[in-house]
Visitor: 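Below is one structure. I have some questions about it.
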Amino acid sequence: MPAYIVMGAQWGDEGKGKIIDVLAEKMDIVIRFQGGANAGHTVIHGKTRYVTHLIPSGVISGRSINIIGNGCVVNPATLLEEMEILRQQGVHISPDKFIISPSAHMVLPIHQYLDKVLNEKIGTTVRGIGPAYTDKVQRTGIRWERACDGSFEEACREHLDFVERVYAVVEKDVIKTLRDGIPDVTKAVEKLRPFVRDARPILAEAVKNNSNILYEGAQGTFLDVDHGTYPFVTSSNTSIGGAYTGSGIFLDFNKRIAIVKSYTTRVGEGPFPTELFDETGETLRRHGNEFGATTGRPRRCGWLDLALLKESCMINGFNYIVFSKVSCLSGIETLKVAVDYHSDGSPVYQELPGWEEDILGYTEYEALPANCRRYIEFTEDFLGVPVGMVSTGPDRDHVIERQPIFR
Ligand code: IMP
């Protein structure tokens, strides 16, 4: 069964968008199973740059059915905005090819407000993700099924009554503004109603028919609420377990694809053992244009952490690595990779020689400088997972395929 899952192996922003796009073109189904519009996948087709936040990347090629799974949280207003931008770029989005699970939860203005006032120390994207998942788990959330049964406005009012009782941090006039805003949110929800239907039978049928299915991960393994650097994490399961709970069916992924950035970045607060605060960190940020696709925040940059990636491989059972942004390392004389940690948590580094040559857009493995190949091969030997693909630039054809990604 040709089922693929693509996940970020680090703290997100590994460059998933590009490979997801290459895969999505051949897929019958593309599904997002966790997260919300906190993600930002950048896809470049020719001269056009598309940014998706929640809509599965399969919409861009237009071939596949695209599903927002039950594990996601969906803000009606921002989803409509995202759809509108894509439509203006010529992308066709219709209910026969785009589905929102009725069991997915809504992200409402109150969630964005609470995210802002409660979660500063985490450095969230302020998209309301954590508070929406909080409501889900404490069983006070509003699911998309309420868009279909005519009870959405009532659900919103009840929800704000609950918020008023429980959250002293929300001032009375804020509650009033939110109450007054219910008709606008309802209008947005109404527009999206045609897209809401149970996707599980479609997925199950696709599995039976041996169709090509792609699970599109968002964020990265160490932002997983269970396996990440808690509490500096997002509020969903970004690792492989989330694929099952977030879609509602079992399937045996034959390609579990790790997107590994050839150095490490992170946005927001939280531990980052190999972080660089010097000129090299600046160089990586500049070479890699490391600014968030969703928030524009500069990303923290550091050396490749192989000890951390080993754990990522254990959690997700990766069997294929896409090594991204290798071209951003050109010109750094000596590269360091963390292979273990000292008892105080600081990294044990192994040094590897760098390379001078600009390798942007290379497509042949043998054409890469010897030290670049050594860096790649050291990584795959250390992790025990093949680097099947090397990404050498932002364009779709800036790749070296060492092992076929399609069977
Ligand atoms: P939240 O997902 O907005 O609640 O943010 C929680 C943490 O996850 C923060 O450190 C964010 O910066 C981080 N985060 C959320 N989404 C992404 C992403 O797509 N890429 C990288 N970091 C993310």
Side-chain angles (χ1 to χ4, degrees), residues 5-17 19-20 32-36 38-41 71 119 121-125 127 129-130 133 215-243 245-246 256-276 281 284-285 288 290 292-295 297-318 320-325 336-341 345-349 379 382-385:
I5 181 163
V6 173
M7 280 170 288
Q10 293 144 314
W11 278 291
D13 308 314
E14 294 89 352
K16 293 179 286 296
I19 183 66
I20 284 169
R32 275 281 307 271
F33 52 89
Q34 49 72 224
N38 47 347
H41 289 172
N119 290 329
K121 78 163 195 201
I122 308 287
T124 72
T125 58
R127 296 292 189 271
I129 305 300
Y133 278 113
Y215 275 57
E216 175 176 353
Q219 289 87 42
T221 298
F222 294 101
L223 290 173
D224 186 290
V225 67
D226 286 282
H227 303 294
T229 44
Y230 190 91
F232 300 100
V233 292
T234 191
S235 299
S236 63
N237 285 114
T238 57
S239 60
I240 197 160
T245 51
R256 299 178 294 279
I257 302 168
I259 313 299
V260 174
K261 196 185 277 185
S262 53
Y263 49 96
T264 313
T265 61
R266 144 159 235 180
V267 276
E269 301 304 316
F272 183 172
T274 61
E275 183 166 11
L276 288 165
L284 289 174
R285 189 171 303 113
E290 296 296 352
T294 300
T295 59
R297 290 183 287 179
R299 298 179 184 138
R300 299 157 65 191
C301 296
W303 297 120
L304 185 66
D305 190 338
L306 289 178
L308 191 83
L309 282 163
K310 193 105 184 162
E311 199 180 319
S312 191
C313 292
M314 178 188 76
I315 295 167
N316 296 301
F318 292 130
Y320 190 101
I321 289 174
V322 176
F323 209 35
S324 70
K325 298 189 108 166
K336 291 184 185 179
V337 293
V339 291
D340 202 350
Y341 302 110
S346 62
V348 176
Y349 283 118
T379 298
F382 188 93
L383 298 177
V385 181

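What's counted below: heavy atoms across the whole structure, side chains too, no hydrogens, waters or symmetry copies.
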Visitor: For a quick test of reading the model, state the closest non-hydrogen atom pair linking Gln10 to Thr264 and the distance between them.
Guide: NE2-OG1, 4.3 Å

Visitor: What heavy-atom pair brings Gly288 and Tyr263 nearest, and what distance separates the two atoms?
Guide: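 Smallest interatomic distance, heavy atoms only, reads CA-OH, 3.4 Å.
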
Visitor: Hey, what do you get for CD1 (Ile240) to NE2 (His227), rounding to the nearest 0.5 Å?
Guide: 10.5 Å

Visitor: To the nearest 0.5 angstrom, please state how far the NZ atom of Lys336 sits from the CG atom of Leu304.
Guide: 13.5 Å

Visitor: Check each of Thr234, Thr125, Thr124 against Asn38 using the side-chain hydrogen bond (donor to acceptor under 3.5 Å, both in side chains) test, and report the only one that passes.
Guide: Thr234

Visitor: Taking salt bridge (Lys or Arg N to Asp or Glu O under 4.0 Å) as the definition, give me every residue that meets it alongside Glu269, ordered by chain and number, with sequence neighbours left out.
Guide: none

Visitor: To the nearest 0.5 angstrom, please state how far the OG atom of Ser239 sits from the CE atom of Met314.
Guide: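 It is 10.5 Å, given to the nearest 0.5 Å.
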
Visitor: Report yes or no: does Lys16 contribute a side-chain atom to a donor-acceptor pair with the main-chain N or O of Ala218 at less than 3.5 Å?
Guide: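 It does not hold such a pair.
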
Visitor: Taking only residues two or more places apart in sequence, or in another chain, which ones meet Phe33 in a ring-ring contact (aromatic ring centres under 6.0 Å, His included)?
Guide: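 In terms of ring-ring contact (aromatic ring centres under 6.0 Å, His included), with neighbours along the sequence ignored, Phe33 is linked to Tyr215.
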
Visitor: Give a yes or no answer on whether the side chain of Arg285 reaches the backbone of Arg299 with a donor-acceptor pair at less than 3.5 Å.
Guide: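 Present.
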
Visitor: Once rounded to the nearest 0.5 Å, what's the spacing between atom SG of Cys313 and atom CG of Leu383?
Guide: 4.5 Å

Visitor: Hey, mind stepping through Thr379 and Val337 against side-chain contact (heavy atoms from CB on, under 4.5 Å) and telling me if it holds?
Guide: CA-CA 9 Å; Thr379 298; Val337 293; 5.5 Å; no

Visitor: Please name the pair of heavy atoms, one in Trp11 and one in Pro271, separated by the smallest distance, quoted to 0.1 Å.
Guide: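 In this case the closest contact between Trp11 and Pro271 is CZ2-O, 3.4 Å.
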
Visitor: Going by salt bridge (Lys or Arg N to Asp or Glu O under 4.0 Å), Glu290 matches just one of Arg300, Lys261, Arg266. Which one?
Guide: Lys261

Visitor: Go through Gln34 and Ser236 one step at a time and tell me if the side chain to side chain donor-acceptor pair (under 3.5 Å) criterion holds.
Guide: CA-CA 6 Å; Gln34 49 72 224; Ser236 63; 3.0 Å; yes

Visitor: Once you round to the nearest 0.5 Å, how far does OG of Ser324 lie from CD1 of Ile259?
Guide: 7.0 Å

Visitor: Using a 3.5 Å distance criterion without hydrogens, assess whether the side chain of Tyr230 forms a donor-acceptor pair with backbone atoms of Asp224.
Guide: no

Visitor: Is a donor on one side and an acceptor on the other found under 3.5 Å between the side chain of Arg297 and the backbone of Gly123?
Guide: yes

Visitor: Can you see which heavy atom on Leu284 is nearest to which on Cys301, and at what distance?
Guide: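 What the structure gives for the nearest pair is CB-CB, 4.1 Å.
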
Visitor: Please give me the minimum heavy-atom distance between Gly217 and His41, naming the atom from each residue.
Guide: O-CE1, 3.4 Å

Visitor: Supply the atom-to-atom distance Ser312 OG to Leu306 CG, rounded to the nearest 0.5 angstrom.
Guide: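 Ser312 OG to Leu306 CG: 11.5 Å, rounded to 0.5 Å.
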
Visitor: Which residue, Leu308, Asn316, Leu309, forms the side-chain contact (heavy atoms from CB on, under 4.5 Å) with Thr221?
Guide: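 Between Thr221 and the candidates, side-chain contact (heavy atoms from CB on, under 4.5 Å) is satisfied uniquely by Asn316.
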
Visitor: Is the shortest side-chain heavy-atom distance between Asn237 and Asp226 below 4.5 Å?
Guide: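 Yes, their side chains come closer than 4.5 Å.
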
Visitor: Give the minimum heavy-atom separation between Ala338 and Asp305, together with the two atoms involved.
Guide: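 The pair with the smallest heavy-atom distance is CB-OD1, 3.6 Å.
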
